[in-house]
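Just the heavy atoms: all of them, side chains too, but no hydrogens, waters or symmetry mates, feed the values below. Counting starts at 1 for both ligands and their atoms, following the listed order.
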Amino acid sequence: MKLTYYGHACFSVELSGKHLLFDPFITPNELAKNIKLSEIKADYIFISHGHFDHIADCTEIARSTGAKVVSTWEICQWLGNQNLTDSHPMNTGGQWRFPEFSVKCTAAQHSSVLPDGTYGGNPVGFLILSDEGNFYYSGDTALTMDMQLIPRWAVLKAAILPVGDNFTMGYEDACLAAKMLECNKIIGVHFDTFGFIKIDHEKAVSHFSEAGIELILPAIGQSVHL
Ligand code: NI
Ligand code: MN
């Protein structure tokens, strides 16, 4: 599995020849100006919640790639109202088997409203289970005790967690999350994009390494093997 980071909380994972894209927010992100939407491949697009910084480019990429959108019932309804009907609605706690992988919708402690004010349902995270390995993307969330459930369901190769603080957990809580997840490889996301979430990279990485956990803060455009 190969992960490519597109800035903020947007990344894709290549798995069994398919491209799974998460939370596309590229064109409004000044830091991601070198990423071209037209070059992003997607067979599936996962939307963790309705906030603009997670859904901004969803419709355009879904239309240009023909990708299926996987999200909450409410967000899929909202996309359907824009004539984007190839979606798969889910809700917290549910699991579904796609041909190449399974996805389990996990609890996230956050909020979720769409850019036009429509209610987006519960914010969620995604646990992806596949023959090539398993990974967990928490979505925007606080540190929650629910994360202790994840190792009961899957051994993780990696977890993708927000580390920017203010709107989500910061890197110290993300390090506690890694321990609950029993996962030693963390990809940090949701940092540096806005003033409120700028972090000290060296401090964050050393905080994790003191706990024996690898924290990767990828550069935009960088790929990481999971
Ligand atoms: Ni959010
Ligand atoms: Mn966010």
Side-chain angles (χ1 to χ4, degrees), residues 3-13 20-33 35 37 40 42 45-62 69-79 87 89-92 103 105-127 135-144 146-147 159-175 177-178 186-199 201 204 215-220:
L3 178 148
T4 302
Y5 184 54
Y6 294 116
H8 198 50
C10 179
F11 60 95
S12 75
V13 174
L20 285 59
L21 181 70
F22 294 79
D23 286 352
F25 172 73
I26 296 150
T27 51
N29 184 0
E30 178 64 19
L31 301 179
K33 61 178 185 293
I35 304 291
L37 272 203
I40 293 180
I45 302 173
F46 294 84
I47 304 292
S48 65
H49 63 296
H51 290 160
F52 182 66
D53 59 318
H54 297 259
I55 200 170
D57 293 314
C58 174
T59 313
E60 188 172 338
I61 296 174
V69 180
V70 181
S71 190
T72 64
W73 170 264
E74 291 83 357
I75 290 173
C76 290
Q77 289 287 111
W78 184 80
L79 292 169
S87 63
M90 298 187 73
N91 211 331
T92 318
V103 55
C105 242
T106 60
Q109 190 65 262
H110 194 65
S111 57
S112 180
V113 67
L114 287 148
D116 63 0
T118 304
Y119 170 61
N122 290 329
V124 298
F126 298 106
L127 173 62
F135 66 94
Y136 166 64
Y137 168 49
S138 70
D140 280 12
T141 184
L143 174 66
T144 81
D146 287 5
M147 289 170 180
I160 298 96
L161 305 175
V163 294
D165 222 329
N166 193 72
F167 299 118
T168 65
M169 57 187 169
Y171 64 79
E172 288 170 328
D173 280 354
C175 188
I186 304 300
I187 318 293
V189 297
H190 216 276
F191 63 93
D192 287 358
T193 322
F194 320 112
F196 291 139
I197 60 172
K198 286 210 161 67
I199 63 164
H201 291 210
L215 172 67
I216 300 167
L217 298 173
I220 296 175

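Residue contacts to the Ni ion (ligand 1): Asp140 brings an N, O or S atom closer than 2.8 Å. The Mn ion (ligand 2) lies under 2.8 Å from an N, O or S atom belonging to His190. Under 2.8 Å from the Mn ion (ligand 2) lies an N/O/S atom of Asp140, whether from backbone or side chain. Taking backbone and side-chain atoms together, His110 has no N/O/S atom less than 2.8 Å away from the Mn ion (ligand 2). Under 2.8 Å from the Ni ion (ligand 1) lies no N/O/S atom of His54, from backbone or side chain alike.
Aromatic pair His51/Phe25: ring centres not closer than 6.0 Å. Aromatic pair Phe11/Tyr137: centroids less than 6.0 angstrom apart.
Using modelled atom types, one side-chain atom of Thr106 and one backbone atom of Gly125 make a donor-acceptor pair closer than 3.5 Å.
Put simply, OG1 on Thr72 and CG on Leu114 are 7.5 Å apart, with the number rounded to the nearest 0.5 Å. From Lys33, atom NZ reaches atom CD1 of Ile220 across 9.0 Å, with rounding to the nearest 0.5 Å.
Between Asp53 and Phe194 there is a side-chain heavy-atom pair separated by less than 4.5 Å.
Angle NE2 (His49) to the Ni ion (ligand 1) to ND1 (His51): 90°, rounded to 10°.
Asp53 contributes OD2 as its N, O or S atom closest to the Mn ion (ligand 2).
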